[in-house]
Amino acid sequence: MNPGSLRGVLDVSNATWALSERSVLQPMWDYLQHNHESTLRSPLFPVILSVSMYLVLVFFYTVLDLLAPTWPSIRRYQIHQDRTVTWSNIGSTLALTTYNHLLYIFPAAIAQWLWRPPVPLPCEAPTLTAFLLGIVGCTVVFDFQYYLWHLLHHRVGWLYRTFHALHHQYRQTFSLVTQYLSAWELFSVGFWTTVDPLLLQCHCLTAWAFMLFNIWVSTEDHCGYDFPWAMHRLVPFGLWGGALRHDAHHQQPGTNFAPFFAHWDWLWGTATMPAPVKTKIRKERDEKEA
């Protein structure tokens, strides 16, 4: 086979790969534009999407919290098995979350909806590679931003007392603690989540997916469970912090500042490994054997 023929085969192969890769997300994107264009273009859509995702996740974990005391199959995965999430805990955290959204988030969203024109939608969907790399890139950038923000709010006493101490009222995490935040902290997180996809010039579909991924892993970090399918167990080499490390941060507030990855805490000497958790069932067994 001469070089020209080989080059033609490679070109055809590359073109076929590019076409198949693009076609993965294009049918879904065509369907969404054709059937839900007005909804997708509304500035309110990202807010409704993110709030809905958060409510679904905290509902799931809260049901587990309420069942755990009487279901050993759930309790065995709790990080703190000697602690019960009470209705009082649920009420206080949910009240602040509702207050923040009603007083700050939804008015800001309505103002944006009134003043900002509908968002233009591109005709083409992102390639699968661009979609996945965009989510990873936004996650890496967000992780670095929040690490610095978090570290600063722990090292500067006025910032901690004024803005961040509220989040640390709970030393043992459960899902509703995720957004048990001051309005300043809630806006900071929302700002980076919105701006980072713009900085990386991501497709709007990628931006929405990153938003949902961010909410998912943030809630998982605070959920209070160490499930076999948790992110820190799926990502190899201990690169992901996860629920155990973030719970350790609430126990030892001077450590584990990064929200997702573990490398910044390793590099800056702020990492700590959570102590092994002895299950309540094992404690009871050890007491009987003693």
| message | In terms of relative ring orientation, are Trp29 and Trp208 parallel, tilted or perpendicular, with 30° and 60° separating the classes? | response | tilted

| task | Taking the six-membered ring for Trp and the single ring otherwise, decide whether the centroids of His222 and His167 are under 6.0 Å apart. | result | yes

| Taking all atoms of both residues into account, what is the closest heavy-atom pair of Ala243 and Ile79, and its distance? | O-CD1, 3.9 Å

| remark: Those residues at least two apart in sequence (or on a different chain) that pass ring pair (Phe, Tyr, Trp, His ring centres under 6.0 Å) with Phe260 are Phe142, Trp240

| message | I'd like to know if the side chain of Thr272 pairs up with that of Asn256 as donor and acceptor (distance under 3.5 Å, no hydrogens or angles considered). | response | no

| said: If you define the side chain from C-beta out and look only at heavy atoms, does anything of Thr62 sit under 4.5 Å from Phe174? | reply: no

| Nearest 0.5 Å, what's the CZ-CG distance between Arg83 and Asp65? | 9.0 Å

| note | So CG of Asn100 and CD of Gln179: to nearest 0.5 Å the spacing works out to 8.5 Å

| Cluster check Met231, Ile215: I/L/V/M/F/W/Y, side chain < 4.5 angstrom | yes

| Closest non-hydrogen atom pair between Thr255 and Ala248, with its separation | OG1-O, 4.1 Å

| Do Tyr77 and Trp216 share a hydrophobic cluster (ILVMFWY, side-chain heavy atoms under 4.5 Å, transitive)? | no

| query | Rounded to the nearest 0.5 Å, what separation is found between the NE2 atom of His164 and the CG atom of Leu181? | reply | 8.5 Å

| field | Non-hydrogen atoms of Cys202 and Gly134 that approach each other most closely | value | SG-CA, 4.0 Å

| Check: Trp184 ring centroid to Phe187 ring centroid under 6.0 Å | no

| field | Closest non-hydrogen atom pair, Asp143 against Pro259 | value | OD1-CD, 3.2 Å

| task | For Ser42 and Thr39, indicate whether the former's side chain and the latter's backbone hold a donor-acceptor pair under 3.5 Å. | result | no

| task | Flag the pair Leu200 / Cys138 as yes when at least one side-chain heavy-atom distance between them is below 4.5 Å, and no otherwise. | result | yes

| said: Do Val85 and Ile90 have side chains that approach each other closer than 4.5 Å (heavy atoms only, starting at C-beta)? | reply: yes

| Taking the inter-plane angle between the rings of Phe163 and Trp158 on a 0 to 90° scale, is it parallel (under 30°), tilted (30 to 60°) or perpendicular (over 60°)? | perpendicular

| message | Count I, L, V, M, F, W, Y as connected when their side-chain heavy atoms are under 4.5 Å apart, and connections chain through other members. Are Trp71 and Tyr61 then in the same cluster? | response | yes

| message | Please confirm whether the ring centroid of His154 lies under 6.0 Å from the ring centroid of His249. | response | yes

| Is the shortest heavy-atom distance from the side chain of Pro126 to the side chain of Leu25 under 4.5 Å? | yes

| task | Might you work through the side chain to side chain contact (heavy atoms under 4.5 Å, CB included) test for Leu151 and Trp264, ending with a clear yes or no? | result | CA-CA 11 Å; Leu151 180 67; Trp264 291 117; over 6 Å; no

| field | Neighbour count above 12 (heavy atom, 6.0 Å) for Phe227 CZ | value | yes

| Does the side chain of Thr139 reach to within under 4.5 Å of the side chain of Phe261, using non-hydrogen atoms? | yes

| said: Checking the side chain of Thr70 only, and the main-chain atoms of Leu67 only, is there a donor and an acceptor separated by less than 3.5 Å? | reply: yes

| query | How many angstroms lie between atom OG of Ser92 and atom CH2 of Trp87, to the nearest 0.5 angstrom? | reply | 12.5 Å

| field | Side-chain heavy-atom pair Gln251, Asp247 within 4.5 angstrom cut-off | value | yes

| task | Hey, could you give me the CZ/CG distance between Phe59 and Leu64, rounded to the nearest 0.5 Å? | result | 10.0 Å

| said: Ignoring hydrogens, what is the shortest heavy-atom contact between His168 and His150? Give both atom names and the distance. | reply: NE2-NE2, 4.3 Å

| Between Tyr180 and Gln169, a side-chain donor and acceptor under 3.5 Å | yes

| task | Indicate whether any N or O donor in one side chain lies under 3.5 Å from an N or O acceptor in the other, for Tyr170 and Thr93. | result | no

| request: Spell out, yes or no, whether Phe191 and Leu103 are grouped together once hydrophobic residues are joined by side-chain heavy atoms under 4.5 Å, including indirect joins. | output: yes

| remark: In short, Cys123 meets Asp30 closest at the heavy-atom pair O-OD1, 4.2 Å

| query | Hey, are the side chains of Leu166 and Glu185 touching, using non-hydrogen atoms and a 4.5 Å cut-off? | reply | no

| task | Give me the other members of the hydrophobic cluster that Leu133 sits in, counting Ile, Leu, Val, Met, Phe, Trp and Tyr linked by side-chain heavy atoms under 4.5 Å, directly or via other members. | result | none

| query | Between Arg245 and Asp221, does at least one N-O distance fall below 4.0 Å, as a salt bridge requires? | reply | no

| message | For Phe257 and Arg155: C-alpha separation, side-chain torsions, deciding distance, then whether side chain to side chain contact (heavy atoms under 4.5 Å, CB included) applies. | response | CA-CA 11 Å; Phe257 295 110; Arg155 296 294 170 84; 4.1 Å; yes

| query | What distance do Gln26 atom CD and Leu128 atom CG have between them, rounded to the nearest 0.5 Å? | reply | 12.5 Å

| said: Contact between Leu199 and Asp196 at the side-chain level, heavy atoms closer than 4.5 Å - yes or no? | reply: yes

| message | Does atom CH2 (Trp268) have a neighbourhood of more than 12 heavy atoms from anything else shown, all under 6.0 Å? | response | no

| query | Would you call the rings of Trp149 and Tyr146 parallel, tilted or perpendicular, where under 30° means parallel and over 60° means perpendicular? | reply | parallel

| request: Test side chain to side chain contact (heavy atoms under 4.5 Å, CB included) on Tyr160 and His153 and set out the steps. | output: CA-CA 5 Å; Tyr160 182 82; His153 280 68; 5.6 Å; no

| query | Going hydrophobic residue to hydrophobic residue with side-chain gaps under 4.5 angstrom, can you get from Val24 over to Val136? | reply | yes

| request: List the steps, then state whether side chain to side chain donor-acceptor pair (under 3.5 Å) holds for Thr97 with Tyr54. | output: CA-CA 11 Å; Thr97 301; Tyr54 180 67; 4.5 Å; no

